[in-house]
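Have a look at the structure that comes next, please.
Lettering of chains follows the sequences in order, A, B, ..., and the numbering in each one begins at 1.
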Amino acid sequence: MNAWQPDSAQTVKVLLFASLREQAGWSDRRIPLNAVAVSSAREIWDRLELGDLPQVVLVAINQEIVSADHPVHAGDELAFLPPFTGG
Amino acid sequence: MNAWQPDSAQTVKVLLFASLREQAGWSDRRIPLNAVAVSSAREIWDRLELGDLPQVVLVAINQEIVSADHPVHAGDELAFLPPFTGG
Amino acid sequence: MGSQPADLEIQILDQPTSGGLQLDTWLRSRAASDAATAVFMGRVRELAMDGQTLDALELDHYPGLCERRIETFTRRLLEQHGACSALVLHRVGRLLPGELIVLVAVSADRRGPAQRCCAALLEALKHDAPFWKREWSHGVGTWLSENTPLGS
Amino acid sequence: MGSQPADLEIQILDQPTSGGLQLDTWLRSRAASDAATAVFMGRVRELAMDGQTLDALELDHYPGLCERRIETFTRRLLEQHGACSALVLHRVGRLLPGELIVLVAVSADRRGPAQRCCAALLEALKHDAPFWKREWSHGVGTWLSENTPLGS
């Protein structure tokens with residue numbers, strides 16, 4: 001493995017919104033990817049130590065809503081979205 | 001019978017609207033009442049010589065929508081209203 | 001929450017208006033508890049019912065009866081739908097294509113009552129108020145015998 | 001008659017607005033063939049969901065995804081309902097009671113499509129766009145977990 005890790009080359013940018021942001025105490029963070037296996041959005045969530053991924057939380061990768069089991073790649077923007085309450 | 005007939009004492013004011021006004025060639029007219037019997041709105045209509053009273057035409061007496069068989073009294077305002085097309 | 005008395009404003013206008021000023025003034029006078037407002041605006045089409053170019057639309061009404069009927073069914077509909085207040089503007093006279101014919105606004109505590117009452121009030125204005133439209137094309141006037149359909 | 005291409009304008013605003021100016025401007029740009037316009041406006045209530053006095057409503061969104069999702073479902077709904085054009089305004093940031101949260105306007109050739117599309121677009125904004133509300137009462141903020149009901 002290479003000890004030199006550029007920010008976006010080996011990390012994913014994780015965004016939290018609304019109540020999830022409150023719960024975690026942060027709104028965005030870079031999470032390093034596992035170098036040997038492809039991670040899913042759910043696996044990244046599990047590393048945030050915020051409990052099980054609630055069924056009602058939607059996942060977006062690169063501003064596209066996808067399933068929680070969608071693979072995440074280096075440089076992706078991964079967002080966890082509580083139920084929408086706009087309008 | 002009294003030969004002296006004040007305008008509103010022995011007449012009814014008849015108003016026509018929209019297509020009825022076109023058809024008759026006038027919009028409002030005073031019609032003398034039959035001195036011995038009470039007239040209905042339909043009887044007044046028949047004296048206008050505009051054909052049978054169409055089913056779809058509504059009758060208003062003193063700005064209240066009523067049945068065509070409603071009695072008409074001296075001084076009343078009697079209006080014949082084609083189907084409404086506002087809004 | 002429907003506890004305030006029903007409040008309505010009815011204006012029959014014989015001059016062109018966009019309705020914007022009246023709507024703004026009315027909205028500013030609403031209580032903040034009227035969180036939901038539904039509005040409908042109808043304007044004169046460019047084509048007559050028979051497809052010809054429309055020069056003008058003439059709108060006739062029966063003054064007095066017209067205002068009283070609108071007031072009666074508006075109060076009934078506000079109560080029926082649990083809405084709080086309504087604004088009704090309706091043009092009469094000679095209208096050109098694109099001009100506002102009718103504006104209906106209804107405020108309520110919730111969006112459902114506001115939307116449903118606004119739609120019902122518009123239908124009442126079309127079918128239960130003494131207004132009549134005449135289309136003018138190429139100098140010929142034709143009284144409409146029925147309203148445009150709701151649209152499927 | 002639905003032959004012109006769908007036309008939409010979406011504005012996410014972080015400053016107070018009555019929506020009147022934007023609505024007027026948008027209305028003036030409508031073709032006269034769009035004879036029917038339905039509008040909905042939602043404003044901040046005076047009371048929080050739990051009945052306490054509301055000091056402010058905070059509105060958060062996910063920039064980028066939010067605009068793109070609104071554009072996608074607005075185009076889909078305009079086509080589905082046979083409507084011609086839409087204006088969507090939505091506030092974000094800190095809002096006071098009485099301030100406008102959302103304004104949706106839809107124009108169509110007929111009143112039915114305009115009204116139905118406007119109502120459907122409002123529901124889509126509530127359920128399918130990444131906005132989140134937090135109520136502030138007595139210095140305590142509470143994220144809403146669901147929207148207000150439509151109202152029976």
Inter-residue atom distance D:Glu135.CD - D:Arg45.CZ, 0.5 Å rounding: 9.5 Å
Side-chain ion pair, C:Asp7 and C:Arg30, N-O less than 4.0 Å: yes
Quick check for you: to the nearest 0.5 Å, what is the distance between D:Tyr62 atom OH and D:Phe131 atom CZ? 14.0 Å
C:Leu8 side chain near C:Ile10 side chain, heavy-atom distance below 4.5 Å: yes
Quick one: which residues of residues 117-128 of chain D reach chain C at under 4.5 angstrom, heavy atoms only? D:Ala119, D:Leu122, D:Glu123, D:Lys126, D:His127
Rounded to the nearest 0.5 Å, the CG atom of C:Leu13 sits from the CD atom of C:Gln15 at a distance of 9.0 Å
Begin from the C-alpha positions of C:Asp34 and C:Asp109 and carry the test side-chain contact (heavy atoms from CB on, under 4.5 Å) through to its verdict. CA-CA 5 Å; C:Asp34 293 6; C:Asp109 181 49; over 6 Å; no
Heavy-atom distance under 4.5 Å between the side chains of C:Val106 and C:Leu78, does that happen here? yes
For chain D, which candidate among C:Ala105, C:Ala108, C:Ala38 shows the most heavy-atom pairs at distances under 4.5 Å? C:Ala38
Only pairs of heavy atoms separated by less than 4.5 Å count here; which of D:Arg111, D:Met41, D:Arg28 has the most with chain C? D:Arg111
